[in-house]
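To start, the structure under review is shown below, and the notes come after it.
Atoms within a ligand are numbered from 1 in the order they appear, just like the ligands themselves.
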Amino acid sequence: MTELLNATETGIAEAARLLREGALVAFPTETVYGLGGDARSDTAVARIFEAKGRPRFNPLIVHVAELDAARAVAIFDDRAERVASAFWPGPLTLVLPLRPSARLSPLVTADLPSVAVRVPAHPVAQALLHAFGGPLAAPSANPSGKVSPTRAGHVMAGLSGRIAAVVDGGTCAVGVESTILGLTDGAALLRPGGIPAEALEDCLGHRLETGGDNERPNAPGQLASHYAPSAPVRLDVAAPERGAFWIGFGPEAGGADLNLSPTGDLVEAAANLFHYLREADLRAKGPISVSPIPDRGLGRAINDRLRRAAAPRPVA
Ligand code: AMP
Ligand code: MG
């Protein structure tokens with residue numbers, strides 16, 4: 001059952017309580033409705049991918065109440081400070097270097113060294129972020145591949161029964177997604193959106209590169225090789241192998257060095273995935289082998305990420 005909450009003090013307090021429990025709550029922003037979950041909780045972020053049915057772990061935008069909270073998760077240079085003070089709160093997302101002390105779930109950034117962050121202007125989003133008191137990962141609140149929702153009813157139509165609640169804040173004013181400006185190296189328009197590129201160029205005093213696109217923020221090859229473990233990775237290994245570090249899944253993988261989910265729960269497995277790949281890389285003395293993961297629901301995104309980790313590495 002998905003609760004429809006009013007955007008009153010009581011409704012927002014209830015939404016914040018659900019978010020603190022790790023549940024998912026959709027809320028209005030000035031662009032579209034976002035599907036919010038605690039950006040510090042692996043389980044909450046795994047649930048976002050599950051609820052949307054996303055086939056891969058692409059990075060999510062982190063929503064915070066104010067600039068100071070953004071500085072806690074990202075490293076701001078002078079250019080970032082300038083555009084943030086000009087356009088926040090508002091429909092602008094900045095991709096910046098991830099602050100090492102940010103304590104975000106690695107699922108939010110797809111384990112990249114960058115983070116996408118924004119301060120939304122919508123009064124309900126602001127009230128919820130203040131009531132919750134932390135960063136919220138919030139992609140658009142629609143099933144993967146469907147149109148972004150601009151009303152609470154649209155969210156209900158797509159996600160009812162899959163999330164804890166929707167805060168009804170009426171119709172979103174902007175109706176298109178936030179503009180994404182990448183400032184990790186150079187200055188690139190990663191996605192056009194609510195703030196025109198020209199306004200950003202005026203603020204920065206130079207033209208923007210057009211880099212990447214919304215579906216592939218980073219070249220897939222880059223994602224595949226850059227953050228893969230240094231040990232070779234073998235997939236669909238159902239039994240322990242001599243000399244290999246075994247990442248298991250489910251009750252059949254009793255002897256595994258690490259088990260993504262001893263009960264075979266795909267949300268738990270997704271929440272553990274990046275942590276276990278890193279831990280395995282530290283502990284493995286030979287190859288890393290991984291149990292078969294069922295290719296349904298979140299298992300598809302897990303398998304997508306594992307295939308990248310197992311892909312042949314380009315020679316440096
Ligand atoms: P959304 O689905 O609305 O949350 O938008 C997410 C988009 O933000 C991704 O498809 C990327 O284009 C961009 N993005 C989010 N996080 C990052 C990141 N850490 N590095 C680069 N781009 C990012
Ligand atoms: Mg979307």
Side-chain angles (χ1 to χ4, degrees), residues 24 26-37 39 44-64 70 73-76 80 90-100 102-120 122 125 135-150 154-155 158-159 163 172 174-195 197 208-223 226-227 274 301 304-305:
L24 303 185
F27 61 95
T29 77
E30 67 274 30
T31 60
V32 302
Y33 273 75
L35 177 54
V45 182
R47 286 185 180 136
I48 292 178
F49 286 92
E50 183 191 46
K52 286 182 63 83
R54 276 209 176 163
R56 64 173 47 160
F57 293 120
N58 45 356
L60 305 179
I61 297 172
V62 175
H63 293 64
V64 292
V73 297
I75 298 170
F76 280 66
L92 174 68
T93 295
L94 298 179
V95 175
L96 300 172
L98 175 66
R99 189 174 284 287
R103 300 187 154 274
L104 299 178
S105 167
L107 279 174
V108 170
T109 55
D111 224 8
L112 294 166
S114 57
V115 60
V117 63
R118 125 170 158 90
V119 177
H122 196 290
L136 288 176
S140 54
N142 51 284
S144 184
K146 297 289 188 330
V147 176
S148 295
T150 52
H154 300 166
V155 180
L159 296 176
I163 64 178
C172 302
V174 178
V176 296
E177 274 94 352
S178 60
T179 301
I180 305 182
L181 175 64
L183 291 175
T184 47
D185 42 28
L189 183 70
L190 299 179
R191 178 176 77 186
I195 300 280
L208 297 178
E209 304 143 41
T210 43
D213 64 48
N214 183 29
E215 298 307 310
R216 270 160 294 160
N218 292 272
Q222 214 182 326
L223 272 182
H226 208 110
Y227 297 97
F274 289 120
D304 172 75
R305 188 63 187 74

* **N, O or S atom of Ser148 closer to the Mg ion (ligand 2) than 2.8 Å** => no
* Apply the side-chain contact (heavy atoms from CB on, under 4.5 Å) test between Pro59 and each candidate in Asp111, Leu107, Leu112, Val95; give the one that qualifies. => Leu112
* List in chain and number order the residues that pass side-chain contact (heavy atoms from CB on, under 4.5 Å) with Ala51, two or more places apart in sequence or in another chain; answer none if no residue qualifies. => Leu24, Leu35, Arg162, Ile163
* Would you please say whether a donor-acceptor pair under 3.5 Å links the side chains of Arg191 and Thr93? => no
* Asked: Is there at least one pair of N or O atoms, one from Ser114 and one from ligand 1, spaced under 3.5 Å apart?
  -> yes
Using distance only, find each side-chain donor-acceptor pair of residues 137-146 under 3.5 Å and give its atom names and separation, not counting sequence neighbours.
unit_1: Ser140; atom_1: OG; unit_2: Asn142; atom_2: OD1; d: 2.5
unit_1: Asn142; atom_1: ND2; unit_2: Lys146; atom_2: O; d: 2.8

* Pro139: numbered ligand 1 atoms lying under 4.0 Å from its heavy atoms -> 2 (O), 4 (O)
* Asked: Has Arg191 got any heavy atom lying under 4.0 angstrom from an atom of ligand 1?
  -> yes
* Who gets closest to atom 14 (N) of ligand 1 by heavy atom: Ala116, Gly193, Ser178? -> Ala116
* **Heavy atom of Asn58, distance to ligand 1 below 4.0 Å** => no
* Does Arg118 come within less than 4.0 Å of Glu30, counting only side-chain N to carboxylate O? -> yes
* What atoms of ligand 1 come within less than 4.0 Å of a heavy atom belonging to Ile180? -> 7 (C), 8 (O), 12 (O), 13 (C)
* Flag, side chain of Ser178 to backbone of Leu92, donor-acceptor distance under 3.5 Å -> no
* Consider ligand 1: state whether an atom of it lies below 4.0 angstrom from any non-hydrogen atom of Arg54. => yes
